[in-house]
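When reading the values below, keep in mind they use all heavy atoms of this one structure, side chains included, and skip hydrogens, waters and symmetry mates. Note that this is a predicted model, so its numbers are computed, not measured. We name chains A, B, ... by the order of the sequence lines, and we start the count at 1 in each one.
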Amino acid sequence: MKVWSALFNVVALVLITIWLSITLTMQDRYDDAYASIALKLKTEYATEAAIYTYVGNNVFWVDTYAAMMCNGYRMQDSQLNRDRVIDSIDAAIFVSNSSVEALRKNRNLNGYSVQLIPIAYDYSPTEKVMMDAFGDKVKYYRSTDKTLIEASNLDELQYILCGLGTYINVDDLKANKRVELARAINRALLTSYVGMNDTVQRTAYIPVDKMEELGINNVFGKTLIIIQKDFRKWDDRTITTAGYEKVEREWIVGFIENGIKYYCKPDEVPAGISNAPGNKLFKDIYEAAAAGYVPATHHFK
Amino acid sequence: MTDFLNKILTLILAVVMLILGPLNMSNMYYRHTQKMHALDNMRIWLDGVADKGSITVKDLDDLNEKLAATGMVIKTKIEEFRLLADQESVVLAKQCNIDYNRLRVDGGVHIINSTNVIRVTVKEVAEGSASRLWRSLIGTVDLFEDSLPVMRR
């Protein structure tokens, strides 16, 4: 009888322990889910502000980003906290050395280690096209006869394949490049989490002024991708990505011609007046009109 | 003595498994949903304000109504920051709080200048008895508090 009692007690304690464990795990999951979405929103807004205020100085946008994140988390805007924000980005994108396809390049730009991820696109069950995420170089691999072709861009690859009697739809691949990039980043993040530790060199972020040099402008326009780890709790698994495509604002130029205030688009401003000292820039025609400028219809194209 | 201990354990087990367990799960899910709704409403409101570039009394009413609809008792604070930059660094300096009094002074419409930042902070100021129980027992529920800043577009 005593044996049964003891057994019952043990089972009861185990069940209570399991219940407590499930409860705390569930709570962690809910907290993680919320923190992840909140972090993504804050990252997006901070990224947007950073790009918007970008004026050609690399420090400037990083600083704006860090200031926005400190503001969003109601942290004191100190250098220490700004460093924590930047560190969290450094920690977020890390790809383990064991990953086969994750890293192809490892560059150093402005002191930041930038690692670029190739895109592997399964064109068909037996054909794979590997594209440079930020450049034009492509590789084609066919598993049936182990054909490997390298080309400087997709059009050239199509030309070479046509010569071999194979056709691939380049337009589809170009259109899918962006989607595949997002998937590649996600794959890299999933791979990275398993072996994440502090000792390995981690990818930072891509300085926005180097994007055209990297060829990213051909794909995205001016885009800043920030992948951020929750910096409040270093044990936290919360990792998020945020991308922002900068839409070039089309300024309205205000100028004075024959004593009359006119406004028009920058490329419509007549020669000789385009850089005149009294010219003004307006965000839109309403702002120009409010300042007393009228449309320069005689210069409209 | 053993019988007595067994009875107590059985009682605890029954209460935990049949009453506390489901109640706790339900409460956690409910709290999570409330928080997500509050965050979503903050985002929608901020996007609208950042695009529009101004805040009116109707905007404040909208935000308060949406947050109240989440079921939480929430205190809202809206602040405006000015982006100050020089060659060295960038800082966000607080300019003002935006509330009904401020809007009265501004003639009903508060204009947000370009590159100024609007931050909404929400703080739960009261909690239900169930939440209080869980918080005191195992600390699974906290009072909701978060903020979102967005720059004028």
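A salt bridge does not link B/Arg31 with A/Asp31: none of the charged nitrogens is closer than 4.0 Å to a carboxylate oxygen.
A/Arg74 and B/Arg119 get closest at one heavy-atom pair: CG-NH1, 3.7 Å. Of all non-hydrogen atoms in B/Val90 and A/Asp63, the two that sit nearest each other are N-OD2, 3.1 Å. The minimum heavy-atom distance linking B/Ser147 with A/Asn71 is given by the pair OG-O, 4.2 Å.
A ring-centre distance under 6.0 Å is not found for A/Tyr30 and B/Tyr30.
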Report task. Please report the C-alpha distance between A/Lys42 and B/Asp146 in whole Å, then the side-chain angles of each, then the deciding distance to 0.1 Å, and finally whether the side-chain contact (heavy atoms from CB on, under 4.5 Å) criterion is met. Result -> CA-CA 11 Å; A/Lys42 289 171 189 182; B/Asp146 207 346; 2.6 Å; yes
Requested in this report: Mind running side-chain contact (heavy atoms from CB on, under 4.5 Å) on B/Asp47 and A/Tyr45 for me, showing each step along the way?
Outcome: CA-CA 10 Å; B/Asp47 280 343; A/Tyr45 286 143; 2.8 Å; yes
Query raised in the report: Do A/Thr23 and B/Met28 pass the side-chain contact (heavy atoms from CB on, under 4.5 Å) test, and can you show the C-alpha distance, the side-chain angles, and the key distance before you say yes or no?
Result: CA-CA 9 Å; A/Thr23 302; B/Met28 280 194 298; 4.3 Å; yes
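Along residues 33-43 of chain B, the residues that come nearer than 4.5 angstrom to chain A, judged on non-hydrogen atoms, are B/Lys35, B/Met36, B/Leu39, B/Arg43 in order of number.
Only the side chain of B/Val117 comes within contact range of chain A, with at least one heavy atom under 4.5 Å from a heavy atom of that chain. If you measure heavy-atom distances from B/Phe81 to chain A, the contacts under 4.5 Å come from the side chain alone. Both the backbone and the side chain of B/Thr10 come within contact range of chain A, each with at least one heavy atom under 4.5 Å from a heavy atom of that chain.
A 6.0 Å sphere centred on NZ of B/Lys94 holds more than 12 heavy atoms belonging to other residues, nucleotides or ligands. Summarising the local packing, NZ of B/Lys66 is surrounded by more than 12 heavy atoms from other residues, nucleotides or ligands at distances under 6.0 Å.
A/Ile22 has its side chain within reach of B/Met25: a pair of non-hydrogen atoms, C-beta onward, lies under 4.5 Å apart.
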